[in-house]
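Because the structure is predicted, anything quoted here is derived from the model rather than measured. Below, each value reflects all heavy atoms present in this structure, side chains not excepted, and no hydrogens, waters or symmetry copies.
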There are 2 protein chains.
Amino acid sequence: MLSKNRIKYINSLKIKKYRQLHEAFVVEGAKSVLELLDSDFEIEFVLVTQEFQQKYASILTRHNLALETVTPQELEGLGSFQTNDSCLAVAKTKENAFLSPASGEYMLMLDDVRDPGNLGTIVRVADWYGITKIVCSRDTTDIYNPKVVAAAKGSFTRVNLYYTDLTQYFEQIKHIKQPVIGAFLGGDSLYEFKYPASGGIIIMGNESNGIGEQVEQFVTDKIMIPRFGAAESLNVGIATAVMLDNMRRQVPL
Amino acid sequence: MLSKNRIKYINSLKIKKYRQLHEAFVVEGAKSVLELLDSDFEIEFVLVTQEFQQKYASILTRHNLALETVTPQELEGLGSFQTNDSCLAVAKTKENAFLSPASGEYMLMLDDVRDPGNLGTIVRVADWYGITKIVCSRDTTDIYNPKVVAAAKGSFTRVNLYYTDLTQYFEQIKHIKQPVIGAFLGGDSLYEFKYPASGGIIIMGNESNGIGEQVEQFVTDKIMIPRFGAAESLNVGIATAVMLDNMRRQVPL
């Protein structure tokens, strides 16, 4: 039987302020929790149904976890998602550590991506294309938001995010001579663009306003995904995938 | 003041059965309604706030519409979305008309795409890449579902969908000798694939199960988007965009 204190603690972690206070976040559902166990995140405790515990007994024992058995009903009451009926973990958040592209490496940068579903999708897409570093503006949605974690489908365990003031960030990395490639409506055709083997930064902007003026001044290459029909824009998650797909065709890992 | 009958009618159109019975559907929000007015859809009536009516007076008059002025509160009560506070239209659905690829044309096919957000995204992506025909399995989500219409951001007015039994469909078009390209985990690399100038069909499968066995037997080319990291899969909307982007680089309009 879950204690009231534990229920209160888990619910508090849905709010950014309390995630920062406790340096902890919630991971829901079998796929995401199994990927979490397979990562280097420090785990506080895991709530499991009896069924889940039996099915994954060997994995759960191997990790020497603080386990508590609960009913599917208790889990559903706690989770943010209806489908969360097998397990829930609370893990420590990671330090907000500085990231920059190594020589030959491509890194993503997000200027105020606000929608949790979009951020989760971008993390999943980054993981698919072998991108492990994302630098985000301070107003970009928190990676530990439960909706972001859910949309990232486990990829949040393999992709690192660093939240910072982007203008200051560019000052810090001005010795780095790699290109800064921004996705702009009206930029040069992506199909004509040659991604340098040197690596660099690929910037995606806010859902409504694109890349802000403050950040735009640091962009060395303004690129647009060619349009053949009449849709006004592409979703930022979709645009990220197309930018990275074109990059990887030229600069494979 | 909205009549009870009209409120009841609009609410009924959130359900597929009533959309089919009345051959009508709901379009919400300024962007989608303006695109609807710019299309060949037959419009039953439009509810507008006074503010919207003044802002778009010339457009609304030009179309000789059955207009009713309502309050933002009345609109919010009716809509499926919190942001719908300026206008709502009811339009006639289009006939479920047969579609096949012309010579040199690429067409999409969807085998049981169930998530409304995914279908809307696919319609928007198709519109971006100049694809105007999508053939869907009968279990693919209804294009006139309000969540699909919202996610398609107006592109539903330019892309035609035909719902049918896909196995029977392939029998009907067996005289057409164009390639049938399917996205499969484990297929040949998309980066090696040459999209023929003849045009053809690009098939995307269900979110969990991919392309079904019944449909798979008609596929002439099994293609996979190359993976460089560890994510298990890509969202079907993302995968559609990458497949179409690679096609258009080789076969522009």
Side-chain angles (χ1 to χ4, degrees), chain A residues 31-32 34-35 38-39 106 115 117-118 120-132 151-159 185 189-193 207-208 224-253, chain B residues 31-32 34-35 38-39 106 115 117-118 120-132 151-159 185 189-193 207-208 224-253:
Chain A
K31 177 166 169 48
S32 294
L34 291 171
E35 297 234 31
D38 212 26
S39 76
Y106 275 93
D115 181 84
N118 285 343
T121 298
I122 289 171
V123 169
R124 185 176 168 197
V125 162
D127 187 24
W128 179 273
Y129 285 106
I131 302 285
T132 60
K153 306 259 181 204
S155 291
F156 71 91
T157 62
R158 288 177 293 268
V159 177
L185 286 171
S189 167
L190 174 62
Y191 297 170
E192 309 289 324
F193 183 67
E207 287 87 346
S208 303
M224 176 170 173
I225 298 169
R227 164 169 50 192
F228 298 86
E232 252 181 42
S233 64
L234 286 173
N235 164 282
V236 65
I238 298 273
T240 303
V242 173
M243 292 290 286
L244 294 182
D245 186 74
N246 279 268
M247 182 274 288
R248 276 287 173 247
R249 199 174 337 92
Q250 299 176 33
V251 190
L253 274 181
Chain B
K31 178 168 167 46
S32 295
L34 291 171
E35 297 234 32
D38 212 27
S39 75
Y106 275 93
D115 180 84
N118 285 343
T121 298
I122 289 170
V123 169
R124 186 176 167 197
V125 161
D127 187 24
W128 180 273
Y129 286 106
I131 301 285
T132 59
K153 305 258 181 204
S155 291
F156 72 91
T157 61
R158 288 178 293 268
V159 178
L185 286 170
S189 167
L190 174 62
Y191 298 170
E192 310 289 324
F193 183 67
E207 287 87 346
S208 303
M224 176 170 173
I225 299 170
R227 165 168 51 191
F228 297 85
E232 251 180 42
S233 64
L234 287 172
N235 164 282
V236 65
I238 299 273
T240 303
V242 173
M243 292 290 285
L244 293 182
D245 185 74
N246 278 269
M247 182 274 289
R248 275 288 172 245
R249 200 176 335 94
Q250 299 177 32
V251 189
L253 274 181

Minimum-distance pair of heavy atoms, taken over all atoms of B:A241 and B:Y129: O-CE1, 3.9 Å

Option that, when pairs with chain B are counted at under 4.5 Å, heavy atom only, ranks first among A:T121, A:I238, A:L190: A:I238

Might you confirm whether atom CD of B:Q250 has over 12 heavy atoms from other residues, nucleotides or ligands at distances under 6.0 Å? yes

Side chain from CB out, backbone as N, CA, C, O: work out which of these in B:I225 comes under 4.5 Å of a heavy atom of chain A, or both, or neither. both

Do you know which of A:S155, A:G154, A:P226, A:G237 has the most heavy-atom pairs under 4.5 Å to chain B? A:P226

Below 4.5 Å from any heavy atom of chain A, which atoms of B:R124 appear? Answer side chain, backbone, both or neither. both

Among B:V159, B:L253, B:D245, who wins on heavy-atom pairs under 4.5 Å with chain A? B:D245

Using the test salt bridge (Lys or Arg N to Asp or Glu O under 4.0 Å), find all partners of B:R248 that sit at least two apart in sequence or belong to another chain. none

Could you tell me which residues satisfy side chain to side chain contact (heavy atoms under 4.5 Å, CB included) with A:M224, sequence neighbours excluded, listed by chain and number? A:L185, A:R227, B:W128

Counting heavy-atom pairs under 4.5 Å with chain B, which one of A:N246, A:I131, A:T240, A:V125 comes out on top? A:N246

Would you find a donor on one side and an acceptor on the other, under 3.5 Å apart, between the side chain of A:E35 and the backbone of A:R158? no

